[in-house]
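Since the model is a prediction, treat every value here as computed from it, not as a measurement. What you see below is based on every heavy atom in this structure, not just the backbone, and it leaves out hydrogens, waters and symmetry mates. So that the names make sense, note that chain A is the first sequence line, chain B the second, and so on, each numbered from 1.
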Amino acid sequence: MNLEPPRGMRDFFPEDMIIRNWIFDIWRKCAERSAFQQYDVCVVENRELFIRKAGEEVVDQIYAFEDKSNRELALRPEMTPSLARLIISKGRALPLPAKWFGIFQCFRYERTVRGRKREHYQWNLDIVGEKEVSAEAEVLRTCLSSIEAFGLSSDIVKVRIGSRQLLQELLEKLSFNQNHFMDACMVLDKKGKVSDDVLKDLLVEKDVSTEDIDKLFKVLEINSIEDAEKIVGDSSTALNDIIRLLTLMDASGFKDYFVFDVAVIRGLAYYTGIVFEAFDVKGRHRAIFGGGRYDKLLESLGGESQPCVGLGFGDVVIYELLKDENLLPVEKSSVDLMIAYMDESSELLAVKAASLCRKNGINVSLGLQSQKPKKIFTNANKIGSKFVFLIGSKEAELNSGNLKDLNSGDQEVILVTDLSQKVKESLEKQ
RNA sequence: GCGGGUGUAGCUCAGUUGGUUAGAGCGUCUGAUUGUGGUUCAGAAGGUCGUGGGUUCGAUCCCCACCACUCGCCCCA
C-alpha cells in the first residue's frame, strides 16, 4: 500500500496549515480591505465549460471523469470560466462593476516541476464591468498590498507590464503582415528563454518573411514607453492606458514594482488589453502572479459582453519564494491556555473551567485525562500554550487551581471563576 | 514527452570495494525529579536500506523496470 499522495498532490499537516492559513489570511484581508467580495464555486464542473474556452489542446490536462449517470465532469483547471458562469447566470441583477475574490483549489494534469504541481490554491481577484484602466490599477494595488504584507518589496518582486493591443499597434505601424500576428506572439513569449537565432529559425519555419522578422526584432528592441511612442505616436489608446496605469500605480505607492516589457503576452486565448506578470528579481521562480484584461470572454461563453480584468496568484511559487527569502512566519500556536488536572476527582472542575474560558473567547487545550505535572508542562510547551491552569486535589477542594505564565514562570492560585478574566487581562498585556 | 541526479530511522544524512547483529545527530518515549516545563544526564523504542524483478552461495550495495522527488529541455500558462 503506497501511503504517499498521488503525484503532484499535497498533504497539509497541522504545521503546514499554519503557513497555509497565514498566506490565505493575508490574501483574504487584502481583498477585503479593497472591498472585494468573496464568492465560491463548486470544484467539479461540467467538462464542456472548459473545453469550450480552452480548446482541444488543454483537454488532456484536465482531470475529467464520468459520473454514474454518464455526465461528463471535470475538476476545474482554472477559475475564469467558473467566474464567467456565475456572472452570466446572475445576469442584469448583478450591480456593476463587481469586485469579486476567492481562494480556489485548481487541478491540472501536467508534468510536475518545481513551483508547479497538479493541484494548487489560487487567489483570484476580478473586476467585472469596468472598461477603464482604473480596474487594472485596483486589482494590481490590491495584489501588491499582499506582496508587501508577505514582507516582500520591489527589490525582490517586479511586475512586467505589457499590452497585447499595443503589440498589435506596433506591428501594424511597421506594416507587419497581420496574418502572422499569432506567430509573432508565440515568438515574443519566448524572448529571453531561447537565443535570438533560435527565435529567427522559429519564425522562418512559420513562413514569416525576412522583412517581417526584422520588424519583429525592431519591436523586441523597444525597452521603454518612449521608444514605443516613437512608433505608435502619442495618440495610441493602448499606450496611453499603460501610461495612465503607471500614473495610478505611482499614486498608490507601487511605482517601483513596474517594468514596461513589450514582450509580455500571456494567455493568447482571451486576454485583450493590458497583461502583466510578476517575477522574482533573481529569476529563480516561475511567475508569482499574472493577469490582465479579458473583455471578450463573457460573450464567447454566450453571455452579455462585459469588460473584465482579473489576476491569479498561486500558493506554490509564493511559498517557495518566501522560503528562499526567509520570510515564512515562525510557527505560532493559537493556544492561549492549557487546563489540566492531576487527579480524576478534579476532572469535572477542569471541564467547568475550560467551558467558562472557551465561552469567553480563550483558546483552551483541555487535558483529556489526569496527568503528572511534568507531562502537563511538557505538553503545554509543545503545543505552545501561553498559560497553564493546573488543578490538584488541594486546589480542587477550594474550587481553584494554579495559574502559571509559561513565559515568566510566575504562578498563583486563583478561583476557577476568576480564571477567564485573569487570563484575558494577561493576554491583553502581551 | 526527452535527458541527468537523488531515494538508508519521523527529519537531516553517514555507511557497506557484495558477507553474520546497518550507524550518528535531531526528534519521540521512559527515568533521574511519585505537585511544575524550556537546560542537563542516563536509557529505550523506531529500518520491507523507495517498490518489483534479475545476476549471485549470498544484494541495501551490481543490472533492469517501475514509483516518488529534483534539475535541465519540450510543451504550456
Pair A/Tyr63, A/Glu119 - check side chain to side chain donor-acceptor pair (under 3.5 Å), show working.
CA-CA 10 Å; A/Tyr63 274 94; A/Glu119 150 277 324; over 6 Å; no

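Counting to the nearest Å, the P atom of B/G37 and the CG atom of A/Leu403 are 17 Å from each other. Atom-to-atom, CG of A/Asn381 to C1' of B/G38 comes out at 5 Å; the value is rounded to the nearest Å. For the pair A/Arg116 CZ and B/C69 C1', the interatomic distance rounds to 18 Å; values are reported in whole Å. When rounded to the nearest whole Å, the span between CD1 of A/Ile376 and P of B/U34 equals 14 Å. Between the CG atom of A/Asp410 and the P atom of B/G38 there is a distance of 18 Å, rounded to whole Å. Residue A/Arg118 contributes atom CZ, which lies 11 Å from atom C1' of B/A68 at whole-angstrom precision. Rounded to an integer number of Å, the gap from A/His285 NE2 to B/U70 C1' is 14 Å. Counting to the nearest Å, the P atom of B/C29 and the NZ atom of A/Lys375 are 6 Å from each other.
When each of B/G35, B/A77, B/G37 is scored by its nearest atom to the side-chain atoms of A/Arg108, the top-ranked nucleotide is B/A77. Residue A/Lys372 has its side chain nearest to B/G31 when only B/U36, B/G31, B/G37 are considered. Considering only the side chain of A/Thr112, B/C69 comes nearest among B/G37, B/G35, B/C69. Checked against B/U70, B/U36, B/U30, the side chain of A/Pro373 finds its nearest nucleotide in B/U36. The side chain of A/Lys382 lies closest to B/C29, out of B/G37, B/C2, B/C29.
We find the CG-CD1 distance between A/Leu366 and A/Ile339 to be 6.5 Å, quoted to the nearest 0.5 Å. A/Leu321 CG to A/His285 NE2: the interatomic distance, rounded to the nearest 0.5 Å, is 5.0 Å.
A centroid separation of less than 6.0 Å is found between the aromatic rings of A/Phe104 and A/Tyr39.
Across all strands shown, B/G38 has no partner, as no Watson-Crick or G-U wobble contact with both distances under 3.5 Å is found. The nucleotide B/A14 finds no pairing partner, because no Watson-Crick or G-U wobble arrangement with both distances shorter than 3.5 Å includes it. In this entry B/U56 has no Watson-Crick or G-U wobble partner, no candidate having both defining distances under 3.5 Å. With both pairing distances under 3.5 Å, B/C69 is matched to B/G5 as a Watson-Crick or G-U wobble pair. B/G43 is paired with B/C29 under the criterion used here, namely a Watson-Crick or G-U wobble arrangement in which both key atom distances are under 3.5 Å.
A donor-acceptor contact under 3.5 angstrom links the side-chain atoms of A/Glu395 to the base of B/G35. Judged by atom type and distance alone, A/Arg111 does not reach the base of B/C73 through any side-chain donor-acceptor pair under 3.5 Å.
An OP1 or OP2 oxygen of B/G31 is reached within less than 4.0 angstrom by no side-chain nitrogen or oxygen of A/Lys374. Side-chain nitrogen and oxygen atoms of A/Arg7 include at least one within less than 4.0 Å of the OP1 or OP2 phosphate oxygen of B/A68. For B/A77, the OP1/OP2 oxygens have no side-chain nitrogen or oxygen of A/Arg286 closer than 4.0 Å.
In this pair, A/Phe313 and A/Trp123 present their aromatic rings tilted. The plane angle is within the 30 to 60° band.
At a cut-off of 3.5 Å, with distance as the only test, a side-chain donor of A/Asn124 or A/Gln122 sits close to an acceptor on the other residue.
If you find the closest nucleotide of RNA chain B to A/Asn379 and to A/Asn407, the one lying nearer the 5' end belongs to A/Asn379.
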